[in-house]
Asks: 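I am attaching a structure below and will ask some questions about it afterwards.
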Amino acid sequence: MSDAQAQEHEPSGLNRWALRIEYDGTGYLGWQKQNDGVSIQSLIEAAASKLVRNRLVPSITAGRTDAGVHAAGMVIHLDFPDDAPIDARQIRDGMGYHLKPHRVVVLEAAQVGPEWNARFSATWRSYRYTILNRPARPGLMENRVWHIKRPLDVDLMQQAANHLLGPHDFTSFRAVACQARSPVRTLDVLTIRREGELVMIDTKARSFLHHQVRNMAGTLMMIGAGLWPVEKMIEILEAKDRCAAGQTAPPEGLCLMDVGYPDNPFSRT
């Protein structure tokens, strides 16, 4: 069942909670439940179920992350049975216990009304893509960065990134399998900065196309490495052709940082 279908058929008599979670996506199939393998969603729902005597606790997420992608501030909601008394501490600590030894953690929980939806109530999402820019391969940051040996010029990357700000048709940066109805998205933030050997690409928008951030990162890397000129970004955007842009950057460098809501439920806790 899709998120939209779930919203249309939300069950009654449930106790809805918003959760902010973090996870290391290494080795998992991504957020969404699959027939084979371990997903973040399956782990979350299994842990929540154990708090209410193994009864079903369905979940909806603010965004589906791919296999290998991480999250520092993913927001989801869970529908617990309304006859099962539970509080925020029990959800955080109880689920934390049942999620061991997996690298998935509940940071905080807040009760919300039945109309609140982790996906459809969100007004923005922010992501960070991290590149380790040095000759030596990663040791401590393995599976958390994209390793690029060639020196990157972050000033050129930022000049190119500026062309992507605002509303655009991002067909050149969407995955072929993307199911979004429209390729038009509005980027509110796209900044590139260096901290020592790390190059960080931060972006924020109401929503993103499938692989959009990773495809932008792959293209920005080409420009930062001097393989393409800054003006190439304009050509790529206008081409509206996925083949015109750079490679899809690997998933391990991507992390969902935060999700925004007009009435942040966690600010009330």
Side-chain angles (χ1 to χ4, degrees), residues 25-26 65-72 125-178 180 183-205 207-258:
T26 307
T65 52
D66 292 329
V69 174
H70 315 293
R125 286 94 172 154
S126 65
Y127 286 87
R128 172 172 294 168
Y129 196 91
T130 305
I131 297 172
L132 178 64
N133 190 208
R134 71 183 189 191
R137 64 181 176 83
L140 295 176
M141 300 193 71
E142 185 178 8
N143 296 321
R144 300 302 302 274
V145 296
W146 183 18
H147 178 215
I148 299 295
K149 296 181 179 181
R150 183 189 293 261
L152 297 176
D153 187 324
V154 295
D155 291 332
L156 294 179
M157 294 172 72
Q158 185 63 66
Q159 291 175 39
N162 291 341
H163 292 299
L164 300 180
L165 290 171
H168 295 287
D169 181 326
F170 282 95
T171 297
S172 294
F173 298 95
R174 74 186 295 189
V176 175
C178 180
V184 176
R185 291 293 185 272
T186 301
L187 284 191
D188 300 313
V189 173
L190 185 56
T191 60
I192 297 90
R193 60 190 173 91
R194 177 183 288 277
E195 289 189 4
E197 298 171 332
L198 298 179
V199 174
M200 287 170 283
I201 302 170
D202 288 298
T203 187
K204 175 182 173 182
S207 63
F208 292 88
L209 300 167
H210 191 200
H211 286 176
Q212 181 180 346
V213 179
R214 290 167 58 190
N215 290 338
M216 292 190 303
T219 302
L220 288 168
M221 183 278 294
M222 295 289 287
I223 293 171
L227 301 174
W228 286 346
V230 170
E231 295 72 21
K232 178 78 171 179
M233 187 64 84
I234 301 173
E235 298 176 16
I236 293 170
L237 195 60
E238 293 177 346
K240 300 177 184 178
D241 181 354
R242 177 66 193 95
C243 295
Q247 71 180 92
T248 302
E252 57 264 26
L254 184 61
C255 183
L256 185 145
M257 300 301 293
D258 202 1

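Numbering starts at 1 and runs along the sequence shown. Just the heavy atoms: all of them, side chains too, but no hydrogens, waters or symmetry mates, feed the values below.
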Asks: Closest approach of Gly218 and Ala249, non-hydrogen atoms and distance?
Replies: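 For Gly218 and Ala249, the tightest heavy-atom pair comes out as N-CB, 4.1 Å.
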Asks: Is there a side-chain contact between Leu152 and Met221 in this structure, where contact means two heavy atoms from C-beta onward sitting under 4.5 Å apart?
Replies: yes
Asks: Counting distance only, does the side-chain N/O of Arg134 pair as donor-acceptor with the main-chain N or O of Arg137 below 3.5 Å?
Replies: yes
Asks: Charged N to carboxylate O under 4.0 angstrom, Glu195 versus Arg193?
Replies: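 Salt bridge between Glu195 and Arg193, a charged N being under 4.0 Å from a carboxylate O: yes.
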Asks: Does any N or O in the side chain of Asp66 come within less than 3.5 Å of the main-chain N or O of Val69, such that one atom is a donor and the other an acceptor?
Replies: no
Asks: Within the side chain of Thr219, is there an N or O that forms a donor-acceptor pair under 3.5 Å with the backbone of Gly246?
Replies: yes
Asks: Using side-chain heavy atoms (C-beta onward) and a distance below 4.5 Å, is His147 in contact with Asn133?
Replies: no
Asks: Can you name the closest pair of heavy atoms from Leu156 and Ile223 and give their distance?
Replies: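 Shortest heavy-atom separation between Leu156 and Ile223 comes out as O-CG2, 3.9 Å.
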Asks: Taking the side chain as everything from C-beta on, heavy atoms only, tell me whether Ser207 gets closer than 4.5 Å to Arg185.
Replies: yes
Asks: Check Thr130 against Met200 and note the closest heavy-atom contact, atom names and distance.
Replies: OG1-CG, 4.0 Å
Asks: If I take atom CG from residue Asp155 and atom CZ from residue Arg194, how far apart are they, to the nearest 0.5 angstrom?
Replies: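 Interatomic distance, Asp155 CG to Arg194 CZ, rounded to 0.5 Å: 10.0 Å.
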Asks: Of all the heavy-atom pairs spanning Val145 and Pro138, show the shortest one and how long it is.
Replies: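 Heavy-atom minimum between the residues: CG2-CB, 4.1 Å.
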Asks: Kindly indicate, with the supporting measurements, whether the criterion side chain to side chain contact (heavy atoms under 4.5 Å, CB included) is fulfilled by Leu132 and Ile148.
Replies: CA-CA 6 Å; Leu132 178 64; Ile148 299 295; over 6 Å; no
Asks: As an exercise, state the distance from NE2 of His163 to CD of Gln158, rounded to the nearest 0.5 Å.
Replies: 10.5 Å
Asks: Quick one, Pro250 and Tyr129 - any side-chain contact, counting heavy atoms below 4.5 Å?
Replies: yes
Asks: Ile192 and Val199: side chain to side chain contact (heavy atoms under 4.5 Å, CB included), yes or no, with the steps?
Replies: CA-CA 7 Å; Ile192 297 90; Val199 174; 3.8 Å; yes
Asks: Among Thr203, Asp202, Asp258, which residue meets the side-chain hydrogen bond (donor to acceptor under 3.5 Å, both in side chains) test with Arg128?
Replies: Asp202
Asks: What distance do Arg242 atom CZ and His211 atom NE2 have between them, rounded to the nearest 0.5 Å?
Replies: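 It comes to 9.5 Å.
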Asks: Can you measure from CE (Met157) to CG (Leu190) and round to the nearest 0.5 angstrom?
Replies: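 With rounding to 0.5 Å, CE (Met157) is 9.0 Å from CG (Leu190).
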Asks: So do the side chains of Met141 and Leu198 get within less than 4.5 Å of each other, counting heavy atoms only?
Replies: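 Yes, their side chains come closer than 4.5 Å.
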Asks: Quick check: closest heavy atoms across Ala205 and Leu187, and the distance to 0.1 Å?
Replies: CB-CD2, 4.0 Å
Asks: Is any side-chain heavy atom of Phe170 closer than 4.5 Å to a side-chain heavy atom of Leu237?
Replies: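 Answer yes - side chains close enough.
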Asks: Take Arg174 and Asn215 through the side chain to side chain contact (heavy atoms under 4.5 Å, CB included) test and state the conclusion after the steps.
Replies: CA-CA 7 Å; Arg174 74 186 295 189; Asn215 290 338; 5.7 Å; no
Asks: Which heavy-atom pair separates Trp146 from Ala217 by the least distance, and what is that distance?
Replies: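 The pair with the smallest heavy-atom distance is CZ3-O, 4.0 Å.
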Asks: Heavy atoms, side chains only, cut-off 4.5 Å: are His70 and Thr26 in contact?
Replies: yes
Asks: So do Glu238 and Asp169 actually touch side chain to side chain, heavy atoms under 4.5 Å?
Replies: no
Asks: Please report the interatomic distance NE2(His210) to OG1(Thr248), rounded to the nearest 0.5 Å.
Replies: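 Between His210 NE2 and Thr248 OG1, I get 9.0 Å after rounding to 0.5 Å.
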Asks: Would you check if the side chain of Ser172 reaches a backbone N or O of Ile236 as a donor-acceptor pair within less than 3.5 Å?
Replies: yes
Asks: Just how far is it from atom NZ of Lys232 to atom CG of Leu227, taken to the nearest 0.5 Å?
Replies: 11.5 Å
